[in-house]
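In what follows, a single structure is set out as structure tokens and then discussed.
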Amino acid sequence: MLSTRRFGDIQRWSQTLIPTAKEAPADAEAPSHKLLVRAGFIRRVGAGIYDYLPLAWRTLNKISGIVRDEMNAAGACEMLMPALEPFEFFEGTKRDVDYGDNLFRLTDRHGRVNALAPTHEEIITEMMKGSIASYKQLPLNLYQVQTKFRDEARPRSGLLRGREFIMKDAYSFHTKAEGAGGLTETYEKMRTAYTNIFTRCGLDFSIVEAEAGPIGGSASHEFMVNCETGEDTILRCSKTGYAANVEKCGIGERAWSFDGEPSGDLETVPTPGMASIEDVSKFIKVKAPNMLKTIVLSIDAEHGGGWVVAVVRADHEVNEGKIKDAIGFPVAMADETEAKAAGFAIGFVSPCAAKTVGAKLVVDPDAAQGMDTAKGKPYFWATGADTHDHHVKRFNWRRELGDFLDSENTIVADIRNARAGDPSPKAAGATLTEGRGVEVGHIFQLGTKYSEAMGFLVQDESGDRNAVIMGCYGIGVSRTLAACVEMSHDDNGIVWPMALAPYHVLITVMKIDNEEHMAHATNIAKGLSEAGFDVLIDDRDDRPGSKFKDADLIGIPIRLTIGDKALDQGGVEFKQRTDTGKGEIVALGSITTRCIDAVSSQ
RNA sequence: CGGGGUGUAGCGCAGCCUGGUAGCGCGCUACGUUCGGGACGUAGAAGUCGGAGGUUCGAAUCCUCUCACCCCGACCA
């Protein structure tokens, strides 16, 4: 007969490795990094490489356990692929170029080049290609929990951005996008599964629209743990609840017009060696919102080559993805030498360069202003003079560019990053607010990018062979651990949610040489274990103060203190990590019940 | 890759300017006194001063080169 009962672990502090420290290493900056090191969860081995000590590994296993539960429930199947891959796999899909130096390469004894996998689209597609030939075998959704390798230019913040990290990656395969068995259906299932996963983990998170990045593909959503120390900026519509990554977030309608009388004669001013907006702004005493930032971008040869001149207000940031959407093909920051050779005075370019040098002009609505409507007078603009070391004041769109603004070479479109206060793209009158987050999950609709590149075709009902439609779904397991700490800690240490805590209950024994105390600890632990709790008994021969400090530091949700004080009243002291005051005395016989109550009231 | 910074005991740091053979706090070991929010005393152990080369009678200290790591940015997710 199968056992359906789960017994929790009982372990003793003296028999595991929890090297806590009073002080964090000097080079740690992020709260999660400091606390995870201080609490004995992780140890740095090299830049972006860490040991996961017993406590960390327990929590990581809890995270992946929840991930497996929900993935399996959503119809996905777990497998495991190698981390070491022949380099040709990446050359085939050009991801060796896309990932660039982020791809770890190593040469084996025969001189063959291999890669340490940053993700597994190529490997799984190759594997599926050899296993699936008919539409009847699809859809399928396969996943693994595995170590990934990315040679980050700048690993940082402990586990938040490592070069070696644990990831759950899932890949789904379909013969159609819509309908039963289609990509969209699985994508939605994954979105639900991820929502369940992060909810069960006890995390405060947001689902946001996102850019796909080098993974490729179309629709994509990110799951962000909300916390102020996060690297990502999230924008939210105050009315609809719409949220998006700053890279992706659209901006609502903004009125614009190039028309308006000049505020005066064009005046050229010397700005020697002033490359940055900040320097120029101070030097010529014009505030950034009254300056135009002009960026030169190049179109690659595949799309006909040529230049794009993008103009935004100087206090705004251009968004290359949005420029791509505006003009219809991808652009990249121009090579400085090439752009100079073409006639652009890099650092001192004005919108006029689009006309004189010959380029498409793309202008953000906030920059496409002839009149300063708020002030009811002509808009004062300063910008580059198209001459080295010079800028101009009182730039006027109509006077400077005339009909060029009406030509097919000029486009006015949203090409900048959104920021707090901008109009929402989802509801008229609503504005956007800004928050920060840590990306812990990302789901993508890949489409046929990999299947086409690798020739993964299957036959449909009529015998035609079509490229398989794919989706992929990632969760940063080790990053989730760190993000949870970023989100949930106080001055004394980590505050684990019950679901991710390495142990649910910590039993602090005041006098370990008192046999009665130890016997109580063992009995209580046994009872809790039978109820499914993981229990850590602090049986160290240490003073109470240190033990309490360590207890708070490692953040176990429930602490039971066994000492004379409570025992004299026939019980033990019960205290949750989130409780501020004194603990309550709980009778020996009701401890398990009290702990169960604590869990269910969470 | 650009800018800034740091490498001295397990951790946090001083010593370097002005060369003379390494010290403080925490932690660790032993003993004693303590014992409910990081105790105290006494005695100890522990360091290729990141590495290589150079200058010098003598280098943690001065010079050159190099490596590693951290932070900001670029980049990336």
Side-chain angles (χ1 to χ4, degrees), chain A residues 17 19-30 33-34 37-38 40 43-49 95 98-103 118-119 148 150-158 160-163 165 167 169 208 210-216 220-224 230-233 245-248 275-276 278 317 320 332-333 336 437-444 472 474-476 478-480 483 491-493 508-514 517 538 540-553 559-568 572-573 575 580-583 585:
Chain A
L17 178 66
T20 57
K22 274 191 193 172
E23 290 178 283
D27 52 23
E29 197 77 11
H33 187 190
K34 285 185 185 170
V37 172
R38 278 193 59 209
R43 247 321 136 116
R44 193 179 62 77
V45 175
I49 311 170
R95 279 221 296 172
D98 291 347
Y99 262 100
D101 290 336
N102 271 17
L103 195 58
T119 61
K148 294 285 188 279
R150 294 185 195 173
D151 196 359
E152 293 283 348
R154 189 153 94 77
R156 74 190 86 159
S157 307
L160 284 174
R161 180 170 299 273
R163 295 197 298 166
F165 57 96
M167 181 174 173
D169 47 326
V208 310
E211 282 291 337
I215 304 282
S220 121
H221 286 87
E222 287 169 332
F223 289 72
M224 299 273 197
E231 271 191 298
D232 292 277
T233 302
N245 191 309
V246 66
E247 304 293 325
K248 178 75 178 175
S276 75
E278 200 184 335
E317 286 172 25
E320 286 179 28
M333 285 291 288
E336 194 171 327
V438 177
E439 179 195 348
V440 289
H442 202 157
I443 56 178
F444 303 84
C472 80
I475 288 179
S478 45
R479 185 185 272 184
T480 300
D491 292 344
N492 295 317
T508 304
V509 183
M510 288 288 96
K511 294 178 180 167
I512 59 157
D513 46 5
N514 180 320
H517 289 193
D538 188 349
R540 290 175 300 168
D541 183 11
D542 214 336
R543 294 168 59 81
S546 326
K547 291 182 154 192
F548 291 144
K549 286 287 183 189
D550 274 349
D552 287 345
L553 183 58
R559 189 183 82 202
L560 300 174
T561 306
I562 298 182
D564 292 328
K565 271 190 187 176
L567 284 173
D568 288 347
V572 300
E573 185 185 310
K575 189 172 186 292
T580 44
K582 293 250 174 204
I585 307 290

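Chain identifiers are assigned alphabetically (A, B, ...) following the order of the sequence lines, protein sequences preceding nucleic acid strands; residue numbering begins at 1 within each chain.
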Value in whole Å for how far the C1' atom of B/rC71 lies from NZ of A/Lys34: 12 Å
Rounded to whole angstrom units, what separation is found between the CD atom of A/Glu152 and the C1' atom of B/rC75? 9 Å
Have a look at A/Thr20 and say if it touches a base, only the backbone sugar-phosphate, or nothing, with a 4.0 Å heavy-atom cut-off. nothing
In terms of side-chain heavy atoms of A/Arg156, which of B/rC72, B/rC35, B/rG38 is nearest? B/rC72
Sort me out a list of protein N/O and nucleotides 28-34 of chain B N/O pairs below 3.5 Å, or just none if empty.
from   : atom 1 : to       : atom 2 : distance (Å)
B/rU34 : O2     : A/Arg543 : NH1    : 2.6

Rounded interatomic separation in angstrom, taking CG from A/Asp538 and P from B/rG38: 16 Å
B/rC16 to B/rA45 separation - P atoms, rounded to the nearest Å: 27 Å
A/Arg540 CZ to B/rC35 C1', in whole Å, measures 15 Å
Would you measure the distance from the P atom in B/rG73 across to the matching atom in B/rC28 and give it in whole Å? 39 Å
My understanding is that a pair needs two contacts under 3.5 Å, Watson-Crick or G-U wobble. By that rule, which nucleotide pairs with B/rU55? none
Can you give one letter per nucleotide of nucleotides 2-13 of chain B, going 5' to 3': B for a protein heavy atom under 4.0 Å from the base, S for sugar-phosphate only, - for none? ---------SSS
Would you say the side chains of A/Arg95 and A/Thr119 form a donor-acceptor pair under 3.5 Å? yes
Quick check: closest heavy atoms across A/Glu152 and A/Gly162, and the distance to 0.1 Å? CG-O, 3.8 Å
Using a heavy-atom cut-off of under 4.0 Å over every strand shown, decide if A/Arg559 touches base, sugar-phosphate, or nothing. base
Between A/Lys511 and A/Asp513, is there a side-chain N and carboxylate O pair less than 4.0 Å apart? no
Where do A/Asp101 and A/Asp151 come nearest, in terms of heavy atoms and distance? O-CB, 3.4 Å
Quantified in whole Å, what is the P atom distance between nucleotide B/rA14 and nucleotide B/rG7? 7 Å
Under 6.0 Å from the CZ atom of A/Arg163, do we count more than 12 heavy atoms belonging to anything else shown? yes
For the side chain of A/Arg479 and the backbone of A/Glu439, is there at least one donor-acceptor N/O pair under 3.5 Å apart? yes
Would you say CG of A/Asp541 has more than 12 non-hydrogen atoms from neighbouring residues, nucleotides or ligands within 6.0 angstrom? no
Return the nucleotide paired to B/rA39: Watson-Crick means purine N1 to pyrimidine N3 with N6-O4 or O6-N4, wobble means G-U with N1-O2 and O6-N3, both under 3.5 Å. B/rU33
Which nucleotide, in any strand shown, forms a Watson-Crick or G-U wobble pair with B/rG44, with both distances under 3.5 Å? B/rC28
How about A/Arg559 and A/Thr508: do any of their side-chain heavy atoms sit closer than 4.5 Å? yes
A/Glu439 atom CD is separated from B/rC75 atom P, nearest whole Å, by 17 Å
For B/rA46 versus B/rG32, give the span between their C1' atoms, rounded off to a whole number of Å. 23 Å
Can you tell me, in whole Å, how much space there is between the C1' of B/rU66 and that of B/rC57? 28 Å
Flag the pair A/Asp232 / A/Met224 as yes when at least one side-chain heavy-atom distance between them is below 4.5 Å, and no otherwise. yes
With both distances under 3.5 angstrom, what nucleotide forms a Watson-Crick or G-U wobble pair with B/rC16? none
Select from A/Leu553 and A/Glu29 the residue whose nearest nucleotide in RNA chain B is closer to the 5' end of that strand. A/Leu553
Does a donor on one side chain and an acceptor on the other come within less than 3.5 Å for A/Asp27 and A/His33? no
Comparing nearest nucleotides in RNA chain B, the 5'-proximal residue of the pair A/Ala153, A/Gly48 is A/Gly48
To the nearest angstrom, how far is A/Lys547 atom NZ from B/rG37 atom P? 14 Å
Watson-Crick or G-U wobble partner for B/rG2, using a 3.5 Å limit on both distances? B/rC72
Determine the interatomic distance between C1' on B/rA59 and the same-named atom on B/rG51; round to the nearest Å. 15 Å
State which of B/rG38, B/rC69, B/rA74 makes the closest approach to the side chain of A/Lys22. B/rG38
Using the P atom on both, measure B/rA30 against B/rG38 and round to a whole Å. 24 Å
Give one of base, sugar-phosphate or nothing for A/Asp232, where a contact means two heavy atoms less than 4.0 Å apart. base
For a quick check, tell me whether the side chain of A/Arg161 and the base of B/rC76 share a donor-acceptor pair closer than 3.5 Å. yes
Would you list the atom pairs, donor with acceptor, under 3.5 Å between side chains in residues 19-26 of chain A and any protein atom, with sequence neighbours excluded?
from    : atom 1 : to       : atom 2 : distance (Å)
A/Thr20 : OG1    : A/Asp550 : OD1    : 3.1
A/Thr20 : OG1    : A/Asp550 : OD2    : 3.2

Closest non-hydrogen atom pair between A/Asn102 and A/Ala153, with its separation: OD1-N, 4.0 Å
Rounded to whole Å, how long is the line connecting atom CZ of A/Arg44 with atom P of B/rG50? 15 Å
Atom CG of A/Leu103 to atom C1' of B/rC75: distance rounded to whole Å? 15 Å
Does B/rA22 have a Watson-Crick or wobble mate here (both distances under 3.5 Å), and if so which one? none
Rounded to whole angstrom, note down the P distance from B/rA68 over to B/rG50. 16 Å
